[in-house]
Q: 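Have a look at the structure that comes next, please.
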There are 2 protein chains.
Amino acid sequence: MPTDQLSRTFAALADPTRRDLVARLTIGDATVGDLAAPYAMSLQAVSKHLGVLEKAGLVTRRKQAQRRPVHLEAEVLAPVTEWLETYRRRAEERYQRLDAVLAELSDTQAGSDTPATGGTR
Amino acid sequence: MPTDQLSRTFAALADPTRRDLVARLTIGDATVGDLAAPYAMSLQAVSKHLGVLEKAGLVTRRKQAQRRPVHLEAEVLAPVTEWLETYRRRAEERYQRLDAVLAELSDTQAGSDTPATGGTR
DNA sequence: TCCGTCCTCAACTAAGTGGTTGAGTAAGAC
DNA sequence: GTCTTACTCAACCACTTAGTTGAGGACGGA
């Protein structure tokens with residue numbers, strides 16, 4: 001896994017179990033045992049998943065006696081959303097420019113019967 | 001890598017080279033060779049990266065003589081953004097409820113020394 | 001027809017992932 | 001003290017990933 005922050009966050013969310021953990025943590029903090037209960041995998045496996053989320057900064061673990069309550073740090077989702085929105089928007093703008101060009105082209109064609117001069121494609 | 005769509009998309013974006021490819025493709029379609037040029041890795045490696053993006057549905061490849069122009073399918077970013085926004089919002093709502101509880105608690109403390117008679121506000 | 005360009009496929013390697021089990025640690029309960 | 005709970009750490013496994021090199025296919029140009 002590459003070491004940059006955005007990559008770590010994307011990678012952390014590229015697993016259904018970890019996304020489910022994040023989803024459940026929006027309800028409230030929970031201990032490792034509570035979190036692990038619903039899954040058909042060992043507690044250790046879930047602890048590892050939490051480790052991945054922790055390295056990505058998505059989650060922090062407090063100490064409370066033997067418990068280790070897990071807390072969601074939802075702010076770090078923001079840069080990810082931002083990246084996605086930036087490029088989705090950029091792509092959309094490009095389509096709109098393209099549509100405009102096509103519209104102009106078909107106007108030209110409609111206006112005269114001479115075939116388009118600059119026929120690309 | 002798990003086989004569900006959302007996981008594939010997150011995983012595809014969890015690599016800086018692939019994110020850069022997506023970013024550059026918002027400018028416009030490009031051939032594999034053009035895309036590979038700036039990177040310090042083989043053409044084959046870039047072709048593999050494009051394969052990953054293609055499996056995630058983020059990209060399609062046309063045939064045009066020997067060229068294989070790559071096209072970005074930006075719509076598939078939407079479900080990812082949606083997932084992120086859903087849970088970011090859910091977490092935020094929880095914080096606001098928590099803040100409200102805390103505010104009420106400190107109001108009660110500040111307002112009188114007799115314990116709260118009823119919910120103020 | 002042969003040649004060069006553009007690209008994919010196949011095989012391999014090193015490193016990382018997601019799971020397992022077993023052992024160990026820290027802290028409250030008795 | 002001893003026991004139990006809640007968890008982490010370490011070693012191991014099968015599998016995937018990101019890169020490499022080498023070979024080859026498809027197509028346009030001379």
Side-chain angles (χ1 to χ4, degrees), chain A residues 1-22 24-25 28-72 120-121, chain B residues 1-22 24-25 28-72:
Chain A
M1 75 185 90
T3 47
D4 72 281
Q5 179 57 40
L6 206 47
S7 296
R8 266 198 304 269
T9 314
F10 271 119
L13 295 172
D15 181 287
T17 304
R18 288 196 292 262
R19 281 199 306 279
D20 194 53
L21 287 169
V22 168
R24 291 172 56 208
L25 285 167
D29 297 5
T31 67
V32 180
D34 288 347
L35 288 169
Y39 307 118
M41 71 177 75
S42 66
L43 184 82
Q44 289 93 322
V46 174
S47 184
K48 269 196 183 184
H49 278 305
L50 290 170
V52 173
L53 291 171
E54 193 173 32
K55 272 197 183 166
L58 276 162
V59 131
T60 51
R61 300 191 239 194
R62 278 200 340 276
K63 304 191 67 170
Q64 178 191 288
Q66 321 97 304
R67 313 284 165 87
R68 213 73 15 133
V70 180
H71 177 75
L72 181 65
T120 50
R121 187 171 296 241
Chain B
M1 85 198 66
T3 48
D4 73 280
Q5 181 57 41
L6 206 46
S7 296
R8 266 198 303 269
T9 315
F10 271 119
L13 295 173
D15 180 286
T17 304
R18 286 196 292 262
R19 282 199 306 280
D20 194 54
L21 287 168
V22 168
R24 291 171 57 207
L25 285 167
D29 296 5
T31 67
V32 180
D34 288 346
L35 288 170
Y39 308 118
M41 73 177 72
S42 66
L43 184 81
Q44 288 94 323
V46 174
S47 184
K48 270 197 182 184
H49 278 305
L50 290 169
V52 173
L53 291 171
E54 192 172 33
K55 272 197 183 166
L58 277 161
V59 129
T60 50
R61 302 192 237 195
R62 280 204 333 281
K63 303 191 67 169
Q64 178 189 290
Q66 321 96 304
R67 314 283 167 86
R68 212 75 11 137
V70 180
H71 177 74
L72 181 65

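Just so it is clear, the model here is predicted, and its values are computed rather than measured. In what follows, chains carry the letters A, B, and so on, assigned in the order in which the sequence lines appear, proteins first and then strands, with residues in each chain numbered from 1.
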Q: Within this structure, what is the NE2-to-P distance between A:H49 and D:dT8, rounded to whole angstrom?
A: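 Between P of D:dT8 and NE2 of A:H49: 14 Å.
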Q: To the nearest angstrom, how far is B:L43 atom CG from D:dG25 atom C1'?
A: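 Spelled out: CG on B:L43 to C1' on D:dG25 is 15 Å.
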Q: In whole angstrom, give the distance that lies between atom CG of B:D15 and atom P of D:dT16.
A: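 Going from CG in B:D15 over to P in D:dT16 covers 18 Å.
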Q: Should B:D29 and B:R67 count as an ion pair when the cut-off is N to O under 4.0 Å?
A: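 A salt bridge is absent here (no side-chain N lies under 4.0 Å from a carboxylate O).
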Q: Would you say B:R18 reaches D:dA18's phosphate, i.e. side-chain N/O to OP1/OP2 under 4.0 Å?
A: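 Checking D:dA18 against B:R18, a side-chain N or O does come within under 4.0 Å of OP1 or OP2.
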Q: Within the pair B:R67 and D:dA26, is there a side-chain N or O less than 4.0 Å away from OP1 or OP2?
A: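 No, B:R67 has no side-chain N/O under 4.0 Å of OP1/OP2 on D:dA26.
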Q: Rounded to the nearest 0.5 Å, how far apart are NE2 of A:H49 and CG of A:L21?
A: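 One gets 7.5 Å once the value is rounded to the nearest 0.5 Å.
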Q: Considering heavy-atom distances to DNA chain C, does A:M41 or A:K63 have its closest nucleotide positioned more toward the 5' end?
A: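 That would be A:M41.
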Q: Report the distance from atom CG of A:L25 to atom CG of A:D20, rounding to the nearest 0.5 Å.
A: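 Between atom CG of A:L25 and atom CG of A:D20 there are 9.5 Å.
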Q: Roughly how far apart are B:S47 OG and B:R61 CZ, rounded to 0.5 Å?
A: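 Nearest 0.5 Å value for the OG-CZ distance: 4.5 Å.
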Q: Can you figure out which of D:dT8, C:dG18, C:dT20 approaches the side chain of A:A45 most closely?
A: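 Minimum distance to the A:A45 side chain belongs to C:dT20.
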Q: Return the value, rounded to whole Å, for the distance between atom CD of A:E54 and atom C1' of D:dT8.
A: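 After rounding, the gap between these two atoms is 12 Å.
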Q: Measure from CG on A:L21 to P on C:dG18 and round the result to the nearest Å.
A: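 It is 12 Å, rounded to the nearest whole Å.
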Q: Counting only side-chain nitrogens and oxygens, does A:T31 get under 4.0 Å of the OP1 or OP2 atom of D:dC7?
A: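 Yes.
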Q: Quick one: does B:Q44 reach the base of D:dG22 with a side-chain donor-acceptor pair under 3.5 Å?
A: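 Donor-acceptor pair under 3.5 Å: yes.
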Q: Grab the CD-P distance between A:Q64 and D:dA6 for me, whole Å please.
A: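 Atom CD in A:Q64 sits about 12 Å away from atom P in D:dA6.
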Q: Measure the distance from CG on B:L13 to P on D:dA18 and round it to the nearest whole Å.
A: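 It works out to 12 Å between those atoms.
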Q: Taking only side-chain nitrogens and oxygens of B:R68, does any of them come within less than 4.0 Å of OP1 or OP2 of D:dA26?
A: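 False: B:R68 side-chain N/O out of range (4.0 Å or more) of D:dA26 OP1/OP2.
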Q: Take the protein atom CG of B:L53 and the nucleotide atom C1' of D:dA18, then report the distance between them rounded to whole Å.
A: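 Going from B:L53 (CG) to D:dA18 (C1'), I get 13 Å.
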Q: Side chain of B:K48: nearest nucleotide among C:dT20, D:dA18, D:dC7?
A: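 For the B:K48 side chain, the nearest candidate turns out to be D:dA18.
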Q: State whether A:S42 places a side-chain N or O below 4.0 Å from either non-bridging phosphate oxygen (OP1 or OP2) of C:dG19.
A: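 Answer no for this pair, as no side-chain N or O of A:S42 is under 4.0 Å from OP1 or OP2.
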Q: Taking only side-chain nitrogens and oxygens of A:S47, does any of them come within less than 4.0 Å of OP1 or OP2 of D:dT8?
A: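 True: A:S47 side-chain N/O within range (under 4.0 Å) of D:dT8 OP1/OP2.
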Q: Roughly how far, to the nearest 0.5 Å, is CZ of B:R19 from CG of B:L58?
A: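 CZ of B:R19 is found 12.5 Å from CG of B:L58.
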Q: Closest to the B:V32 side chain: C:dT8, C:dC6, D:dC7?
A: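 When the side chain of B:V32 is considered, C:dT8 is the closest of C:dT8, C:dC6, D:dC7.
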